[in-house]
Amino acid sequence: MKKRIQPILYPSFFFLIFAFLFLWFSRIHPLIPFDADDWTYLGYIRPAVPIWGAWNPSRVFPEVALPFFSKIASYLVMPLTGDYITAQTLMHAFVVSAFTTVYLGCFACLLRRCFPISRLTASLLTALFLIFHFLAMQREESENQYLLYCVNLTCYYYYLLPSLINASLVMCLMNNRAMDSFLKMGNPAQRGCFYVLVYFAIFSNLPASGILAAYAGCVLMLDIVRRLKAHTWNRLFAENAFYLGVLLAWLVSAVFEFNGGRSANLRGNSSLFVGLFSSCKCLARAFLNLNRIFLLAVVSILLISGLVLILSRGKDDSARRLKPVAAAAAVALTAYAVYLLVLCAAVNPYCLERSEYLFGVFFFGVLLIMLALTFLICRFPKILMVLPILTLSLASAVNTQGKTFLESYFSDLSPAVCADISRDLICQVQEAARQGKMETDLLVPMYVADPVNGDNWPQTLPIMDKLPDTLYAHGLIDRPIYVNTVADPSMNTRYHIPIPED
């Protein structure tokens, strides 16, 4: 009976994880198309190759995936829901939840490859790993960031999903002899599909692709150190062809991105040294603002595991299992942190206060902590008696009396109001199309006192002209329409939004 139940319980655990995440991103903190970026990229089409000199020259994955899933929502989900905004929210919640669940599944597989633990133990550790993503940055009673948070729907495709893909690939590659064999002698068609995934991981964005690049560099460095000790250099390039290819492709993506329009627009005027100093301050501030319970758990695990490792002199079986993966995670963490500091110093140091940029640092750091905890469990199995209570206690520490986490859009409005405003904008364009107009005014709320000369974000006036293009691409209107976006105080009155004053 036990053998029959266990294979069912393990996938059921991940189904429950997916169900929780889907509820989170569809109902609790829904992913609603709302701002100018969303309306631009929901219907934006680009070839799946880097484009020299474009605004986002090497961000292939987000600009292919976002319109692809958005169009599926329009033609497949909307007929079931009867509402465009609901269909988009459900589809993108499904996609983000699925990618996150796969990421957590890769983590569980890594633990089971590295240590002789049961499915139940792996499930408990995976739950704890997920909780850390919510707990780490939770310091205030309300409006906290978390590691699965992005500032709007578009950023989920530009930042979080690429980070999840790169981190999942790293965990698939770590301590995996089967993967090493597959990369050298696997079925050509299967390897081709895998390389597509690697291609999308690298050509996504620089903060995310740096996760895989840092790990590839770490593997090469550790192999070179091993060869220095053994005084042998035979087949260095042949045995590391995949990782060299990853680094080369990443370098190409970096060159393309550095020469793109967005990079030129974001690049600061200060020197790299000044930017690097500011980046270090921002990163230090981010870590000083970590949740105290999270820090206590991290420090405790690292100190105890380090002490046990020293006392055992690294000779027991669990220590031998820990050393190679922990060394890889630690070196990759260091390399990625340095890379991120330099990247943000060249672009904008204050990006390091955003969870989208910090994901990679936390991924490698929390992975190292979880590896240390699994080592302790293998060394002292009785820890398993307190692991469920520890997981439950940390889960309860995440929630607060206030509105604990930020919503995924640039606004203080409720999700329902944001959805209603988006529906209003769609109705305005659809009504103009029904009347046969080729041009119309699009009324949006006034978010700044001088919207003509200001930004009026999240519905920036010059950029909202992409809304009709998206609606036309998704079949909501039957002809292209030009809109002149107007910030109208009557929209503020309708949706109870305060009118900004000078």
Side-chain angles (χ1 to χ4, degrees), residues 15 18-48 56 59-103 148-162 164-165 200 204 407-411 415-430 433 442 458-459 463-464 466-481:
F15 176 78
F18 170 80
F20 162 74
L21 291 169
F22 182 74
L23 179 65
W24 182 272
F25 290 117
S26 64
R27 297 289 296 175
I28 302 173
H29 293 282
L31 304 181
I32 299 168
F34 181 63
D35 63 41
D37 277 356
D38 294 338
W39 293 119
T40 297
Y41 292 107
L42 282 174
Y44 176 71
I45 302 297
R46 66 166 288 162
N56 293 316
R59 297 188 179 191
V60 175
F61 170 77
E63 294 182 358
V64 168
L66 178 54
F68 174 75
F69 288 115
S70 298
K71 186 158 283 192
I72 290 178
S74 301
Y75 288 101
L76 186 62
V77 184
M78 191 173 71
L80 302 175
T81 64
D83 177 66
Y84 178 82
I85 295 299
T86 302
Q88 293 293 332
T89 298
L90 291 176
M91 171 54 73
H92 298 303
F94 177 88
V95 172
V96 174
S97 302
F99 274 73
T100 308
T101 304
V102 170
Y103 162 74
L148 301 178
Y149 165 78
C150 292
V151 294
N152 63 359
L153 170 60
T154 300
C155 285
Y156 273 90
Y157 283 83
Y158 275 78
Y159 292 95
L160 181 64
L161 295 192
L164 293 174
I165 295 172
F200 277 140
S204 54
E407 299 290 353
S408 294
Y409 40 76
F410 292 93
S411 175
V417 171
C418 289
D420 286 342
I421 291 173
S422 292
R423 291 187 183 101
D424 190 322
L425 303 184
I426 293 170
C427 287
Q428 291 181 50
V429 177
Q430 287 180 317
L442 178 67
Q459 272 111 33
I463 306 178
M464 286 301 291
K466 301 296 191 298
L467 170 60
D469 298 338
T470 294
L471 299 183
Y472 180 62
H474 291 172
L476 273 73
I477 55 177
D478 59 3
R479 65 173 63 85
I481 293 179

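Index from 1, following the sequence.
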| note | Shortest non-hydrogen pair, Gly43 vs Ala473, comes out as O-CB, 4.5 Å

| message | Taking the six-membered ring for Trp, are Phe94 and Phe25 closer than 6.0 Å centroid to centroid? | response | no

| said: Within the 4.5 Å heavy-atom criterion, are Leu42 and Leu153 side-chain neighbours or not? | reply: yes

| remark: Closest heavy-atom pair, Leu160 versus Leu148, reported as atoms and distance to 0.1 Å, is CD2-O, 3.6 Å

| message | Counting C-beta onward and ignoring hydrogens, is there a side-chain heavy-atom pair between Arg59 and Ser204 closer than 4.5 Å? | response | no

| request: Would you name the heavy atoms of Thr81 and Ala87 that are closest together and state the gap between them? | output: OG1-CB, 3.7 Å

| task | Indicate the atoms forming the closest heavy-atom contact of Phe34 with Pro458, along with that distance. | result | CE2-CG, 3.4 Å

| task | Taking the side chain as every heavy atom from C-beta outward, state whether Leu476 and Tyr472 have any atom pair closer than 4.5 Å. | result | no

| message | Looking at every non-hydrogen atom in both residues, tell me the closest pair between Tyr149 and Tyr156 and how far apart they are. | response | CA-OH, 3.6 Å

| Between atom CZ of Arg27 and atom CG of Leu90, what is the distance when rounded to the nearest 0.5 Å? | 9.0 Å

| Gap separating the CG atom of Asp83 from the CE atom of Met78, nearest 0.5 angstrom | 8.5 Å

| task | Specify the closest pair of heavy atoms between Ile32 and Asp38, including all atoms of both residues, with the distance to one decimal. | result | O-OD2, 3.7 Å

| message | To the closest 0.5 Å, what do you measure between CZ (Phe15) and CZ (Phe20)? | response | 14.5 Å

| request: Kindly determine whether Asp469 and Lys466 satisfy salt bridge (charged side-chain N to carboxylate O under 4.0 Å, His left out), including the steps that lead there. | output: CA-CA 5 Å; Asp469 298 338; Lys466 301 296 191 298; 5.7 Å; no

| query | With side chains defined as the heavy atoms from C-beta onward, is the minimum distance between Arg423 and Thr86 less than 4.5 Å? | reply | yes

| task | Look at the side chain of Glu63 and the backbone N and O of Tyr41, then say whether any donor-acceptor pair between them is shorter than 3.5 Å. | result | no

| request: Assess whether atom OH of Tyr75 is packed by more than 12 heavy atoms of other residues, nucleotides or ligands within 6.0 Å. | output: yes

| message | Contact between Ile85 and Ile426 at the side-chain level, heavy atoms closer than 4.5 Å - yes or no? | response | yes

| query | If you measure from CD1 on Ile477 to CD on Gln430, what distance do you get to the nearest 0.5 Å? | reply | 8.0 Å

| request: Just do the side chain to side chain donor-acceptor pair (under 3.5 Å) check on Ser422 and Gln88 with the steps written out, would you? | output: CA-CA 11 Å; Ser422 292; Gln88 293 293 332; over 6 Å; no

| query | Between CG of Leu471 and CG of Asp478, what distance do you get to the nearest 0.5 Å? | reply | 12.0 Å

| field | Check: Thr89 side chain, Leu31 main-chain N or O, donor-acceptor pair, under 3.5 Å | value | yes

| query | Does CZ in Arg479 sit with more than 12 non-hydrogen atoms of other residues, nucleotides or ligands closer than 6.0 Å? | reply | yes

| message | If only side-chain N and O atoms count, and only distance matters, is there a donor-acceptor pair under 3.5 Å linking Asp35 with Gln459? | response | no

| message | Determine whether the aromatic ring centres of residues Tyr157 and His92 are separated by less than 6.0 angstrom. | response | yes

| field | Chi angles and distances behind the side chain to side chain contact (heavy atoms under 4.5 Å, CB included) call for Met91, Ser70 | value | CA-CA 7 Å; Met91 171 54 73; Ser70 298; over 6 Å; no

| said: Check the orientation of Phe18 and Phe22. Use parallel for under 30°, tilted for 30 to 60°, and perpendicular for over 60°. | reply: parallel

| said: With heavy-atom distances below 4.5 Å as the criterion, would you say the side chains of Cys150 and Ser408 are in contact? | reply: no

| query | Out of curiosity, Glu407 CD to Ile28 CD1, how far, rounded to the nearest 0.5 Å? | reply | 10.0 Å

| said: Please determine whether side chain to side chain contact (heavy atoms under 4.5 Å, CB included) holds for the pair Val102 and Leu164, giving the CA-CA distance in whole Å, both sets of side-chain angles, and the decisive distance to 0.1 Å. | reply: CA-CA 9 Å; Val102 170; Leu164 293 174; over 6 Å; no

